Amino acid sequence: MSAPPAAGELRSVRLGPFTTEAGVRLPDVTVAFRTWGALDAAASNAAVVCHALTGDSDAAAWWPGLVGSGRLVDPERQFVVCANALGSCYGTTGPGTLDADGRRFGSRFPSVTIRDQARLHARLLNHLGVREVALAVGASMGGMQALELALVDREAGPDRVRRLVLVGMGAQHGAWQIGISEAQRMAIRADPRWQGGDFPADSPPEAGLAAARAMAMTTYRSAELYAERFGRTPHEPRFEPTDPRFAVESYLRYQGAKLAGRFDAGAYVRLTEAMDTHDVGRGGQRVDAATALGRLRADALCVGISSDVLYPPAETRALADLVPAGRYAELDSPFGHDAFLVDFDALDALVRPFLADTGFLAA
Ligand SMILES: CC(=O)SCCNC(=O)CCNC(=O)[C@H](O)C(C)(C)COP(=O)(O)OP(=O)(O)OC[C@H]1O[C@@H](n2cnc3c(N)ncnc32)[C@H](O)[C@@H]1OP(=O)(O)O
Ligand SMILES: N[C@@H](CCO)C(=O)O
């Protein structure tokens, strides 16, 4: 018998063919994932953590305030699962994956939806033998997937997800979020090396992706934080006319280059498109959000972020109002949308009472 995997070790599994909501068949999908802790005898102690746009399966690394020994999601008590999302570039099948002929999928990788990503998470949970999900938690794109997991996961019977913590998101991507996504995709498509998504692997469209990230970074923080950090501070030294003039310009160029060095532009396009599909009320049944969410049996805490300009907290509050067992809490933070990745103590203080009240911490 082989030794159990070390806690948090990166693993991958081939889950076979997967047909997207749009009807495109991917012949063999691989999911990269990590687990911490052990599944209990009833297979009912899973805590599923879903990452945001550019994150990966290492939840203990990017969410140390929430996941880890002595934290709310504690491997001593829960079987913690975090998978890289369908369409991303950290081990799960996506545009950067090689096909059977050894060619990058590139633009041939189909558009996927948040619901597709959630269905793949559900498949992984089946593979791991999970009967009940004690908690599904995520922020931004991760929260959308956690919510869809609770809504569409009927593979193991209804209501496999018992509790939800959803941060910095609403019931759907509206015109504001779709517009911001599209502006970023336009920057990527404008890169001369983009070539319709099939850019040469040795020469990816770094400038386009960097510009997209710079735009995104302005929506992930608040005007207050930018003013406090950078003000009108000049960037020095300045040798060339093209060098940044202000510290904030230097910061955004740095952030752009940093993401371009670690992320796949094709995945960025497909993942932002997936986020644009987020709308709990759409789909085969064509029901509205209130009807779709009205069927949800899970206890849900929806956390809005006071300074989030990308997902205004009113949208998160409206989501909570539509969930029968939904509650709303607001993270008061100047960090904007990214507060969930930074303001750990404040997030813990909001989530802890919900998890205590709903029996998760006692479990
Ligand atoms: C495999 C993987 O790595 S993916 C998993 C990890 N990533 C994720 O999960 C995605 C989510 N994470 C994030 O979005 C971010 O990392 C956050 C929100 C958690 C934190 O963002 P950060 O970039 O670390 O913070 P912040 O906005 O303060 O920027 C600090 C950086 O800007 C640099 N910087 C600050 N001011 C300036 C300036 N005027 N000019 C140039 N650079 C500047 C700092 O030197 C620092 O550089 P460093 O990242 O090399 O240390
Ligand atoms: N900073 C986060 C924000 C997206 O919600 C990320 O890069 O994934």
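Bear in mind that the values here come from a model prediction, so they are computed numbers and not experimental data. In listed order, ligands and their atoms are each counted from 1.
At least one heavy atom of R221 sits less than 4.0 Å from an atom of ligand 1. Within the 4.0 Å heavy-atom shell around ligand 1 one finds Y90. By the 4.0 Å heavy-atom criterion, R229 is counted among the residues contacting ligand 1. Under a 4.0 Å heavy-atom criterion, E249 is not in contact with ligand 1. Close to ligand 1: Q255, with a non-hydrogen atom less than 4.0 angstrom away.
R77 is not listed as a side-chain neighbour of N45, based on a closest heavy-atom distance of 4.5 Å or more. At a threshold of 4.5 Å between non-hydrogen side-chain atoms, the residues R115 and T277 do not count as touching.
Scanning the protein heavy atoms around atom 5 (O) of ligand 2, the nearest turns out to be S140 OG, 2.8 Å. Nearest to atom 14 (O) of ligand 1 among the protein's heavy atoms is R213 NH2, 3.4 Å. If you check which protein heavy atom lies closest to atom 27 (O) of ligand 1, you get Y251 OH, 2.4 Å. Here the protein heavy atom with the shortest distance to atom 49 (O) of ligand 1 is K258 NZ, 2.4 Å. For atom 10 (C) of ligand 1, the closest non-hydrogen atom on the protein side is T54 OG1, 3.4 Å. Here the protein heavy atom with the shortest distance to atom 2 (C) of ligand 1 is D56 OD2, 3.7 Å. Scanning all protein heavy atoms for the shortest distance to atom 13 (C) of ligand 1 gives L341 CD1, 3.9 Å. Ranking the protein heavy atoms by distance from atom 7 (O) of ligand 2 puts T54 OG1, 2.6 Å first. Regarding atom 4 (S) of ligand 1, its nearest protein heavy-atom neighbour is R262 NH1, 3.3 Å.
With rounding to the nearest 0.5 Å, the separation of CE in M169 from NE2 in H278 is 4.0 Å. Taking CE of M144 as the start and CG of L166 as the end, the distance is 10.5 Å to the nearest 0.5 Å.
For ligand 2, the polar-atom distance check finds an N/O of D338 within less than 3.5 Å of one of the ligand's N/O atoms. On a distance-only criterion, S250 and ligand 1 share at least one N/O pair closer than 3.5 Å.
Using the six-membered ring where Trp is involved, Y251 and F230 have ring planes that are tilted, between 30° and 60° apart. Between Y311 and H173, the two ring planes are tilted [angle within 30° to 60°]. Note: Y220 and H337 have tilted aromatic rings, judged against thresholds of 30 and 60 degrees for the angle between ring planes.
Close approach to L53 involves these atoms of ligand 2, each under 4.0 Å from a residue heavy atom: 8 (O). Remark: ligand 2 atoms within the under-4.0 Å shell around heavy atoms of L341 are 1 (N), 2 (C). Here is the list of ligand 1 atoms found below 4.0 Å of a heavy atom in D338: 18 (C). Heavy-atom contacts of H337 reach the following atoms of ligand 2: 5 (O) (cutoff under 4.0 Å). Each of the atoms 8 (C), 9 (O) of ligand 1 lies under 4.0 Å from some heavy atom of G55.
With hydrogens and angles left out, the side-chain atoms of S57 and R34 include a donor and acceptor closer than 3.5 Å. With 3.5 Å as the limit, one finds a donor-acceptor pair spanning the side chains of R160 and N126. In this model, a donor atom of one side chain and an acceptor atom of the other lie less than 3.5 Å apart for E330 and Y328. Side-chain contact, T20 with D116: no donor N or O sits under 3.5 Å from an acceptor N or O. Using modelled atom types and a 3.5 Å distance limit, the side chains of T19 and R25 yield no donor-acceptor pair. Side chains of T54 and R262: a donor on one and an acceptor on the other come within 3.5 Å.
Comment: D308 does not engage R221 in a salt bridge, judged by the lack of any side-chain N to carboxylate O separation of less than 4.0 angstrom.
By the definition of a contact as any protein heavy atom under 4.0 Å away, atom 7 (N) of ligand 1 is in contact. Taking a distance limit of 4.0 Å, we find that atom 44 (C) of ligand 1 is approached by no protein heavy atom. Protein heavy atoms are found inside the 4.0 Å sphere centred on atom 40 (N) of ligand 1. Distance screen at 4.0 Å: atom 34 (N) of ligand 1 has a protein heavy-atom neighbour inside the cut-off.
Taking a 6.0 Å sphere around CZ of R245, one finds it holds 12 or fewer heavy atoms contributed by other residues, nucleotides or ligands. Sparse packing is recorded around CG of D332, with 12 or fewer heavy atoms of other residues, nucleotides or ligands lying under 6.0 Å away.
At a heavy-atom cutoff of 4.0 Å, ligand 2 is contacted by the side chain of R213 but not by its backbone.
The closest non-hydrogen atom to atom 46 (C) of ligand 1, taken over Y254, F340, Y220, F263, comes from Y254.
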